[in-house]
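Here's the structure, in structure tokens; my notes come after.
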Amino acid sequence: MKYIPHEYQAYCIDYLLSHPGAGLFLKPGMGKTSIALTAADRLLYDSFEVSKVLVIAPLRVAEDTWSRESGKWDHLQHLRISRVLGSAGQRQAALYRKADVYCINRENVDWLVRFYGRNWPFDCVIVDELSSFRNPSARRFKALRKVRPLIKYLWGLTGTPRPRSLLDLWAQVYLMDRGERLGSTFTEYRNLYFSPGRRNGYVIYDWNPRPGAEETVYEKISDICISLETKGLLQMPELVTTIRPVVLSSAARAAYDELERNEVLSLAEKTLDVGSAAAVNGKLLQIAGGAVYDDDHMAHEIHTDKLDALEDILEEAAGEPVLVAYRFQHERDRIMARFPQAVQLKDADTIAAWNRGEIPLMIAHPAGAGHGLNLQDGGHIIVWFGPTYDLELDEQFNDRLYRQGQKQTTSIIYLIAEGTVEADAMQALKVKANGQNAMMDAIKARIRKYTA
């Protein structure tokens with residue numbers, strides 16, 4: 001296929017070529033992969049400035065998206081792609097293979113750095129979904145930081161550079177400029193732009209941006225980051241988002257209310273922390289979804305109300321393919337047991353079959369299908385079996401279908417069990433709140449309710 005870039009894509013390509021360290025903060029579906037590959041190709045074969053390109057990406061994206069994208073466009077089909085995946089032996093064999101672009105999943109970055117040591121061969125590194133390097137304490141960040149001085153070009157791609165907090169920007173920007181703009185250490189950055197928020201003695205639960213910090217930080221990084229929204233740049237079909245209330249049966253309602261009361265009251269008797277609140281919230285989400293795990297991690301079904309609602313939607317879809325997001329394994333298992341046509345998203349073959357229209361019902365966990373996968377050719381209906389508190393997962397998963405190339409009105413449907421913590425999660429998404437804080441506030445409100 002002939003590559004005719006949009007005006008903004010051509011601008012982004014030139015931008016990357018003129019910025020050895022840069023962030024491409026584009027919404028999903030705007031062609032980050034083709035932009036980065038085109039820029040890398042020019043460095044490899046036009047200017048000869050680099051000899052080897054490394055792409056670090058989520059596993060399924062490293063396995064499928066980059067090689068498929070290079071094979072899609074006429075001007076990139078000469079690029080040799082080697083996928084550094086699988087066992088240690090398979091990864092080593094892929095590294096010894098003669099290629100232009102090497103794709104590795106982010107979990108193996110630490111292994112890759114230790115494998116090469118001082119003989120690091122990649123002079124251009126593309127970090128797909130840069131936001132996964134937002135934690136400065138993570139091994140993957142520390143490993144890449146070690147070899148950063150040996151990298152001539154490092155480009156970070158993401159649609160959600162600040163999914164949870166302004167704090168998340170430091171590590172991402174450091175990989176681009178080695179601390180030039182936001183400081184050489186995370187502590188320096190935090191102390192300069194934030195003040196302590198909720199705390200318990202010496203334990204600080206969160207940090208709040210100082211007045212004017214957000215504007216200052218964005219100004220400091222504006223010369224190495226491109227941030228564009230889809231609106232006005234692409235002709236996209238309509239996006240329709242709806243909430244489908246699910247009324248629990250009387251037995252399910254009673255079971256949920258009893259569990260909520262007991263679990264919440266148990267929190268009132270001890271110091272509330274994120275871990276204990278999250279555990280209780282997780283149990284309540286489980287039962288809202290239809291089952292709950294016991295101490296041996298055995299699932300016990302409480303109701304089928306969500307499954308019934310999903311069946312209604314599939315009937316309304318009249319044969320149109322549907323992509324379903326699940327949260328817990330018991331939701332996955334129960335959906336697949338109820339609907340024999342359901343296929344779990346697993347690998348590149350599944351993705352290809354979906355995009356060919358061969359899968360009527362595909363289920364996926366948002367954490368495993370939230371970044372980089374192009375699923376827009378296979379359908380235009382998403383059903384969330386239950387919502388998540390994680391705004392990044394929500395947006396990224398939805399953008400698997402509602403992205404460039406989607407030709408039909410896209411429908412996103414959330415199944416929400418009425419009167420449960422799922423309503424709190426949807427509210428947090430609606431106002432784009434910090435998921436952890438929203439969850440804590442909801443649990444606190446329930447404690448006040450039951451102790452009143």
Side-chain angles (χ1 to χ4, degrees), residues 33 36-37 40-41 43-45 50-72 76-135 137-157 171 175 329 332 343-355 364-365 367-375:
T33 306
L37 273 176
D41 177 59
L43 291 179
L44 285 163
Y45 287 104
V50 303
S51 59
K52 280 188 176 184
V53 177
L54 175 70
V55 172
I56 302 170
L59 178 58
R60 290 195 182 96
V61 178
E63 180 184 42
D64 175 73
T65 303
W66 285 81
S67 55
R68 183 156 50 85
E69 194 76 10
S70 65
K72 177 180 179 180
L76 298 176
Q77 289 182 359
H78 63 278
L79 288 178
R80 298 163 297 177
I81 311 292
S82 181
R83 292 179 290 188
V84 189
L85 306 171
S87 66
Q90 291 171 321
R91 296 196 298 269
Q92 291 180 29
L95 291 172
Y96 292 137
R97 192 175 299 125
K98 186 69 173 176
D100 302 302
V101 180
Y102 297 79
C103 298
I104 192 169
N105 56 306
R106 56 201 180 195
E107 291 81 6
N108 281 322
V109 170
D110 182 55
W111 171 86
L112 184 68
V113 171
R114 287 186 282 106
F115 178 79
Y116 279 114
R118 295 180 179 273
N119 299 314
W120 180 260
F122 304 105
D123 33 17
C124 177
V125 173
I126 302 170
V127 183
D128 194 352
E129 297 309 337
L130 179 65
S131 58
S132 64
F133 281 76
R134 61 179 174 263
N135 183 359
S137 300
R139 291 171 61 183
R140 66 182 68 160
F141 170 80
K142 292 179 178 180
L144 195 55
R145 182 178 186 175
K146 287 181 182 178
V147 295
R148 182 59 183 90
L150 304 177
I151 300 170
K152 186 174 182 180
Y153 285 85
L154 190 144
W155 301 327
L157 318 179
L175 291 177
Q329 289 183 13
R332 176 200 64 192
V343 175
Q344 184 178 358
L345 173 60
K346 290 182 178 180
D347 51 28
D349 291 338
T350 316
I351 294 170
W354 164 265
N355 281 325
H365 194 282
H371 290 291
L373 299 184
N374 297 317
L375 304 176

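Start at 1 with the first residue, then count along the sequence. Just so it is clear, the model here is predicted, and its values are computed rather than measured. Worth knowing before you read on, the calculation uses all heavy atoms, side chains too, and leaves out hydrogens, waters and symmetry mates.
With a 4.5 Å cut-off on side-chain heavy atoms, Trp155 and Leu130 do not count as touching. When side chains are defined from C-beta on, Val127 does not count as touching Leu157, because their heavy atoms never get closer than 4.5 Å. Counting heavy atoms from C-beta on, the side chains of Ile126 and Trp66 come closer than 4.5 Å. Using a 4.5 Å heavy-atom cutoff, the side chains of Val147 and Tyr116 are not in contact. With contacts defined as side-chain heavy-atom distances shorter than 4.5 Å, the pair Val343/Thr350 qualifies. At least one side-chain heavy atom of Leu112 sits less than 4.5 Å from a side-chain heavy atom of Leu54. Counting heavy atoms from C-beta on, the side chains of Glu63 and Arg83 come closer than 4.5 Å. Between Leu79 and Leu44 there is a side-chain heavy-atom pair separated by less than 4.5 Å.
No donor-acceptor distance shorter than 3.5 angstrom exists from the side chain of Arg68 to the backbone of Ala352, with no hydrogens or angles considered. Ser82 places no side-chain N or O within donor-acceptor distance of the main-chain N or O of Tyr102, the cut-off being under 3.5 Å. In this structure, the side chain of Asp123 does not engage the main chain of Leu150 through any donor-acceptor pair within 3.5 Å. Listed for the Gln77 side chain is a donor-acceptor partner under 3.5 Å among the backbone atoms of Gly71. A donor-acceptor pair under 3.5 Å is absent between the side-chain atoms of Arg106 and the main chain of Ala57, judged by distance alone. Checking side-chain atoms of Asn108 against main-chain N and O of Trp111 turns up no donor-acceptor pair under 3.5 Å. Listed for the Trp120 side chain is no donor-acceptor partner under 3.5 Å among the backbone atoms of Val113. The closest donor-acceptor contact from the side chain of Asn355 to the backbone of Asn374 lies under 3.5 Å. No donor-acceptor pair under 3.5 Å is formed between the side chain of Gln92 and the backbone N or O of Gly89. Under the 3.5 Å distance criterion, the side-chain polar atoms of Arg60 are matched with a main-chain donor or acceptor of Leu345.
In plain terms, the two heavy atoms of Val50 and Cys124 that are nearest each other are CG1-CB, 4.0 Å. Residue Ser51 comes nearest to Pro121 through the heavy atom pair OG-O, 4.5 Å, listed as atom of the first residue, atom of the second, then distance. Considering every non-hydrogen atom in both Ile81 and Ala99, the closest pair reads C-CB, 4.4 Å. Closest heavy-atom contact between Phe141 and Asn135: CB-O, 3.6 Å. Nearest heavy atom pair, residue Ser132 against residue Arg140, reads O-NH1, 3.1 Å. The minimum heavy-atom distance linking Leu95 with Lys52 is given by the pair O-NZ, 4.5 Å.
Note that CG of Leu144 and CZ of Arg139 are 14.0 Å apart. Values are rounded to the nearest 0.5 Å. Considering CD of Glu107 and CD1 of Ile56, their distance stands at 11.0 Å, rounded to 0.5 Å.
Between the side chains of His78 and Asp100, not a single donor N or O lies within less than 3.5 Å of an accepting N or O.
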Verdict with reasoning, Leu85 to Leu59, per side chain to side chain contact (heavy atoms under 4.5 Å, CB included): CA-CA 8 Å; Leu85 306 171; Leu59 178 58; 3.9 Å; yes
Residues Leu175, Phe133; criterion side chain to side chain contact (heavy atoms under 4.5 Å, CB included); working and verdict: CA-CA 9 Å; Leu175 291 177; Phe133 281 76; 3.9 Å; yes
Side chain to side chain contact (heavy atoms under 4.5 Å, CB included) between Arg80 and Lys98, intermediate numbers included: CA-CA 8 Å; Arg80 298 163 297 177; Lys98 186 69 173 176; 3.3 Å; yes
